[in-house]
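Only one structure is covered here, and it is reproduced in the block below.
Keep in mind that this is a model prediction, so the values were computed, not measured. When a residue number appears, it is its place in the shown sequence, counting from 1. Every heavy atom of this structure was used, including side-chain atoms; hydrogens, water molecules and symmetry mates were not.
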Amino acid sequence: MSTPEDRTPGEPREGVTPGGPHEGVTPGAPHEGVTPGAPQEPPGTPHEGATPTTPQTATASPQHGSPLRADCATDSDGRITFRLPPVPGAHPQLLLSLRPKKGRSETTRHLLDLESDGSDGHRHAVLEPHPALDEGRWDVYLLPEPGAERRRLRPGLRDLRSLVDGHLRDRPAPVAVRIPYVTKDGFLALRAWRRTAHAEARAIDVTDRAMTVTARLHGAELQADATVRLRLRGTDTVRTVRPRTDDDARGFSFTVGPGDLADGGGGAARVWDAFVRPTDGAPPIRVGRLLDDVADRKHVYVYPAVETDGSALRPYYTVDNDLAIEVR
């Protein structure tokens with residue numbers, strides 16, 4: 001069963017920086033989530049029933065000469081430390097630029113001073129947990145001097161060990177996540193999410209009759225009237241499922257089969273996006289998986305389909321790492 005297109009309209013292509021070409025950018029990079037390819041991050045512990053594909057190496061090969069590389073390391077608080085070899089310029093900085101939507105100009109930037117590590121000339125910059133980055137993809141550049149021409153950075157060593165078990169820690173609201181990763185054309189970037197609350201999918205169990213999702217709510221608590229809402233993409237149609245909730249008002253699970261999402265689509269593929277509503281009248285909260293070291297999950301976690309009574313249901317993660325269910 002092929003995965004439907006789930007790109008947000010206007011979302012930029014992975015590996016292409018809007019606003020003109022930059023050093024080392026490879027033209028014609030494929031759309032994120034359209035053409036399957038090797039994942040960008042080594043996967044963490046896979047969901048039950050998921051079949052991870054083979055990840056590519058963390059460090060991209062240089063395309064022209066010896067491009068400048070930056071090491072980075074994360075900690076459990078969300079802090080990221082960048083380290084660079086000696087660089088030109090008396091006051092170098094790192095520039096983080098939020099990749100704009102297609103057809104729009106770059107407007108959101110974040111500057112970090114590169115401090116000297118000592119006599120060896122190496123430098124470092126620290127991205128603190130606060131303020132949280134806006135949701136999206138952030139390209140990383142070197143500015144040798146304020147106002148100088150920027151240079152994109154290749155990835156060096158990426159120490160993401162602190163992120164692997166991030167789903168085990170309860171997060172307060174708002175839930176902010178940032179993951180360093182390698183773009184499809186081999187440059188260093190950050191993937192960031194910022195949400196008022198988040199429901200983290202922990203396991204997806206696919207059987208021959210149904211699928212069961214186990215998740216945990218961060219930034220909010222479930223009440224007795226909590227519901228799971230499956231919304232048919234592009235419509236106002238919603239299917240409501242009563243979840244099984246844990247005593248701590250955070251953990252929950254739900255089960256659906258092909259018959260639960262039948263809507264007379266005439267054989268056309270339908271996609272249902274998964275949300276949880278903590279209590280009646282509260283805003284629905286997206287179900288997804290963000291709290292580990294995998295920046296792009298769609299082609300890393302691949303699930304089998306449930307096929308019964310002439311229809312098939314398959315869970316998958318979107319290009320934003322949110323949970324969706326395709327029904328044919």
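Listed for the R194 side chain is no donor-acceptor partner under 3.5 Å among the backbone atoms of A176. With T207 contributing its side chain and R209 its backbone, the two residues share a donor-acceptor pair below 3.5 Å. Judged by distance alone, the side chain of R154 and the main-chain N or O of G186 form a donor-acceptor pair under 3.5 Å. In terms of modelled atom types and a separation under 3.5 Å, the side chain of D113 and the main chain of E115 share no donor-acceptor contact. Between the R178 side chain and the G78 main chain, a donor and an acceptor come within less than 3.5 Å of each other. In this structure, the side chain of T183 engages the main chain of F187 through a donor-acceptor pair within 3.5 Å. Checking side-chain atoms of R250 against main-chain N and O of A220 turns up a donor-acceptor pair under 3.5 Å. Put simply, the side chain of S76 never gets that close to the backbone of S162: no donor and acceptor are under 3.5 Å apart. For D296 (side chain) and H299 (main-chain N/O), no donor-acceptor pair under 3.5 Å exists by modelled atom type.
Judged by the 6.0 Å and 45° rule, R297 forms a cation-pi pair with Y317.
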Stepwise, does the side chain to side chain contact (heavy atoms under 4.5 Å, CB included) test hold for R137 with Y181?
CA-CA 10 Å; R137 297 176 185 269; Y181 75 103; 2.9 Å; yes
Step by step, would you call V126 with I80 a side chain to side chain contact (heavy atoms under 4.5 Å, CB included)?
CA-CA 6 Å; V126 179; I80 302 177; over 6 Å; no
Taking it one step at a time, do L96 and L112 satisfy side chain to side chain contact (heavy atoms under 4.5 Å, CB included)?
CA-CA 8 Å; L96 307 181; L112 302 173; 4.3 Å; yes
Quick one, L230 with L261, criterion side chain to side chain contact (heavy atoms under 4.5 Å, CB included). Give me CA distance, side-chain angles, the key distance, then yes/no.
CA-CA 8 Å; L230 303 173; L261 300 179; 3.6 Å; yes
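Nearest heavy atom pair, residue P144 against residue A148, reads CD-CB, 4.2 Å. Shown here for Y316 and V271, the closest heavy-atom pair between the two residues is OH-CG1, 3.6 Å. Of all heavy-atom pairs spanning R171 and V175, the tightest one is CB-CG2, 4.2 Å.
A salt bridge links R233 with D273; the closest basic N to acidic carboxylate O contact falls under 4.0 Å. Salt bridge R239/D260: absent, no basic N to carboxylate O contact under 4.0 Å. With salt bridges taken as basic N to acidic carboxylate O contacts below 4.0 Å, none links D320 and R286. Using a cutoff of 4.0 Å between basic side-chain nitrogens and carboxylate oxygens, R202 and D292 are not scored as salt-bridged. With salt bridges taken as basic N to acidic carboxylate O contacts below 4.0 Å, one links R328 and E326. Ionic pairing of R158 and D71 is not present here: no N-O contact between side-chain nitrogen and carboxylate oxygen is shorter than 4.0 angstrom.
Using a 4.5 Å cut-off on side-chain heavy atoms (C-beta onward), L188 and R69 make no contact. The closest side-chain heavy-atom distance from Q93 to L142 is not below 4.5 Å. Between T81 and C72, every side-chain heavy-atom pair lies at or beyond the 4.5 Å cut-off. Residues Y303 and I204 have side chains in contact (heavy-atom distance under 4.5 Å, counting atoms from C-beta outward). By the 4.5 Å heavy-atom criterion applied to side chains, T74 and R161 are not counted as neighbours. With a 4.5 Å cut-off on side-chain heavy atoms, R231 and P284 count as touching. Two residues are said to be in side-chain contact when any heavy atoms from C-beta on lie closer than 4.5 Å; Y141 and L94 fail this criterion. With a 4.5 Å cut-off on side-chain heavy atoms, T237 and W272 count as touching.
Within the structure, salt bridge (charged side-chain N to carboxylate O under 4.0 Å, His left out) contacts touching residues 118-131 (residues at least two apart or in different chains) are R79-E128.
Atom CZ of residue R150 and atom OG of residue S97 lie 5.0 Å apart, to the nearest 0.5 angstrom. The line from NE2 of H91 to CG of L143 is 13.5 Å long, rounded to the nearest 0.5 Å.
Exactly one residue among V213, L222, V241 makes a side-chain contact (heavy atoms from CB on, under 4.5 Å) with V276. That residue is L222.
Under the rule for a salt bridge (Lys or Arg N to Asp or Glu O under 4.0 Å), the partners of R195 that lie at least two apart in sequence or sit in another chain are E135, D322. In this structure, the salt bridge (Lys or Arg N to Asp or Glu O under 4.0 Å) partners of R109, at least two apart in sequence or on a different chain, are E106. Applying the side-chain contact (heavy atoms from CB on, under 4.5 Å) criterion to A73, with sequence neighbours excluded, gives D159. Under the salt bridge (Lys or Arg N to Asp or Glu O under 4.0 Å) criterion, D225 pairs with no residue at all, not counting sequence neighbours. For D165, the salt bridge (Lys or Arg N to Asp or Glu O under 4.0 Å) partners are R169, not counting sequence neighbours.
No donor-acceptor contact under 3.5 angstrom links the side chains of S253 and T214, judged on distance only. Side-chain N/O atoms of T255 and R244 include a donor and acceptor closer than 3.5 Å.
No more than 12 heavy atoms of other residues, nucleotides or ligands sit less than 6.0 Å from atom CD of E149.
Taken together through direct or relayed side-chain contacts under 4.5 Å among Ile, Leu, Val, Met, Phe, Trp and Tyr, L323 and F275 form parts of separate hydrophobic clusters.
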